[in-house]
Student: 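Can you keep this structure in mind? I'll have questions shortly.
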Amino acid sequence: MPITLNYGFLLMNQTLNLKMESHKDRGEVRIHENLDELSTDLADYVAELSEASVKERGVFAIALSGGSLISLMRNLCGAPYNKTVDWSKWYIFWADERVVAKNHVDSNYKLAKDHLLSKLPIVPSHVHSINDSLTAEEAANEYEFVIRQLVRTRVINVSDISDFPKFDLILLGMGPDGHVASLFPNHSVLEEKNEWVTFITTSPKPPPERITFTLPVINSAANVAVVVTGGGKAEAARLAIDGVGPECEGLPARMIEPVVGKLVWFLDNQAGSKLKSFSQFS
Ligand SMILES: O=C1O[C@H](COP(=O)(O)O)[C@@H](O)[C@H](O)[C@H]1O
């Protein structure tokens, strides 16, 4: 069992050599010594949320992102999770997707399928990816329609304070520019207040056409985790977690603020190296 010592707001998990801190309004920040430790902690976190959600609701509705996140989820494919997690209750969604064929190297679905989903006994009909034969706008509308149907049947929960879906867990990565899902800095979709899924055709990071959950959907989730690794993202992580005032205006990662749910940041040492509290830790 990991030993957790409590130093006021600062928690240290000695087994994982993990530093955790509670940032007012910015959730819990977990800084890991290396990627292996981050992967271990992330798998534990996801498995615990799955267990709690299956116990409470009978299902676990989880939204994935693409990018580096997927390889960091690798521990879920091995022991003990392959035996202890009730995979039959998982329903998979994507917080964002590139509008390309499902077998295209840029597809977030393909990435997750090749490195995660094909190694887990997930029920194929529980995997909800976008329709890759449609335009970006059509794909976003159809994906939102699918999600609305699943909210009606409570496969996906509904927010207690609005009619937005309440995913059990939304897993996000973050780009060096502070983008999350396919919400890019200063883009007009950051203003979206009503739609659940929207689209862009001018992504600054290729490919240009994407669909994405909107901020209200992300911020209505029961749990949001942002997984960030590498020194190239340290400044964006600082702005997203410690930033104040104009320096972080228009930064999507700074706008992740679950209304009722819980936010957890999973960082490695390099991504966390510019945080105010980092010197305290090292
Ligand atoms: O384009 C995307 O980028 C982000 C970040 O990716 P990473 O490789 O820098 O972690 C990813 O979260 C998103 O799903 C993806 O479409």
Side-chain angles (χ1 to χ4, degrees), residues 30-32 34-35 38-39 42 46 62-74 92-117 127-130 132 136 139-140 143 167 169-187 189-190 196-215 217-219 221 223-241 251-256 263-274:
R30 303 184 181 186
I31 303 179
H32 302 81
N34 54 52
L35 298 185
L38 189 154
S39 298
L42 182 61
V46 174
I62 174 174
L64 306 174
S65 293
S68 52
L69 166 77
I70 298 301
S71 74
L72 293 166
M73 294 178 75
R74 58 183 173 257
I92 314 277
F93 302 84
W94 275 265
D96 78 312
E97 179 57 287
R98 289 94 175 267
V99 183
V100 293
K102 280 196 169 68
N103 60 0
H104 192 282
V105 67
D106 284 337
S107 161
N108 285 345
Y109 163 80
K110 176 177 165 48
L111 181 72
K113 184 180 131 244
D114 291 352
H115 299 281
L116 191 67
L117 304 180
V127 177
H128 294 282
S129 54
I130 68 162
D132 61 353
Y143 204 50
F167 284 90
L169 172 62
I170 297 182
L171 284 164
L172 300 171
M174 184 188 78
D177 58 354
H179 83 267
V180 289
S182 283
L183 299 167
F184 288 88
N186 302 308
H187 196 287
V189 299
L190 295 172
W196 294 7
V197 182
T198 191
F199 69 101
I200 58 171
T201 54
T202 54
S203 165
K205 175 180 174 182
E209 301 204 350
R210 291 151 173 259
I211 67 105
T212 183
F213 282 4
T214 58
L215 280 172
V217 167
I218 296 173
N219 286 331
N223 295 279
V224 180
V226 193
V227 181
V228 186
T229 58
K233 296 177 179 177
E235 178 58 11
R238 181 189 75 76
L239 291 172
I241 296 168
L251 191 83
R254 187 73 183 76
M255 298 174 185
I256 303 303
L263 171 62
V264 181
W265 298 83
F266 288 83
L267 309 182
D268 68 350
N269 264 339
Q270 293 177 358
S273 60
K274 293 194 176 178

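Both counts, for ligands and for their atoms, begin at 1 and track the order of listing.
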Student: Asn108 near ligand 1, heavy-atom distance under 4.0 Å?
Tutor: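 Yes, Asn108 has a heavy atom closer than 4.0 Å to ligand 1.
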
Student: Which atom pair, heavy atoms only, marks the closest approach of Ala271 to Ala237?
Tutor: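 Closest heavy-atom pair between Ala271 and Ala237: O-CB, 3.5 Å.
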
Student: Is it the case that the side chains of Ser182 and Asp96 hold a donor-acceptor pair, with the cut-off being a distance below 3.5 Å and no angle test?
Tutor: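 A donor-acceptor contact under 3.5 Å links the two side chains.
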
Student: Is Lys102 reaching over with its side chain to a backbone N or O of Ile130, donor-acceptor style, under 3.5 angstrom?
Tutor: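 Yes; judged by distance alone, with no hydrogens or angles, the pair exists.
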
Student: I need the minimum non-hydrogen distance between Ala234 and Gln270, along with the two atoms involved.
Tutor: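 Ala234 and Gln270 have their closest heavy atoms at CB-O, 3.5 Å.
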
Student: Kindly assign one of parallel, tilted or perpendicular to the pair Phe167 and Phe93, based on the angle between their ring planes and the thresholds 30° and 60°.
Tutor: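 Perpendicular, since the angle between the ring planes exceeds 60°.
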
Student: With heavy-atom distances below 4.0 Å as the criterion, list the atoms of ligand 1 near Lys233.
Tutor: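 Selected atoms, number and element: 7 (P), 9 (O), 10 (O).
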
Student: What are the atoms of ligand 1, with element, lying closer than 4.0 Å to any heavy atom of Gly66?
Tutor: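 Reading through ligand 1 atom by atom, the close ones are 11 (C), 12 (O), 13 (C), 14 (O).
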
Student: Mark up the atoms of ligand 1 that fall under 4.0 Å of a heavy atom belonging to Arg210, in ascending order.
Tutor: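 Those atoms are 1 (O), 2 (C), 16 (O).
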
Student: Should Asp132 and Val100 count as side-chain neighbours, where that means a heavy-atom distance under 4.5 Å?
Tutor: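 Not in contact.
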
Student: Got an N/O contact under 3.5 Å between Leu69 and ligand 1?
Tutor: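 There is no such contact.
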
Student: Nearest heavy atom to atom 6 (O) of ligand 1 wins, so pick from His179, Arg98, Lys205, Met174.
Tutor: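 It is Lys205 whose heavy atom sits nearest to atom 6 (O) of ligand 1.
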
Student: Look at atom 8 (O) of ligand 1 and say which protein heavy atom is nearest, naming residue and atom and giving the distance to 0.1 Å.
Tutor: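 Among all protein heavy atoms, the one nearest atom 8 (O) of ligand 1 is Ser68 N, 3.0 Å.
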
Student: Which atoms of ligand 1 sit under 4.0 Å from any heavy atom of Gly173?
Tutor: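 Here the atoms of ligand 1 in question are 12 (O).
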
Student: Heavy-atom contacts with Ser65 under 4.0 Å: which atoms of ligand 1 show up? List them by number with element.
Tutor: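 Here the atoms of ligand 1 in question are 12 (O), 14 (O).
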
Student: Just to confirm my output: which protein heavy-atom neighbour is closest to atom 16 (O) of ligand 1, and how far is it?
Tutor: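 For this ligand atom, the closest protein heavy atom is Asp96 OD2, 2.6 Å.
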
Student: Who are the salt bridge (Lys or Arg N to Asp or Glu O under 4.0 Å) partners of Lys110, not counting sequence neighbours?
Tutor: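 By the salt bridge (Lys or Arg N to Asp or Glu O under 4.0 Å) rule, Lys110 matches Asp114.
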
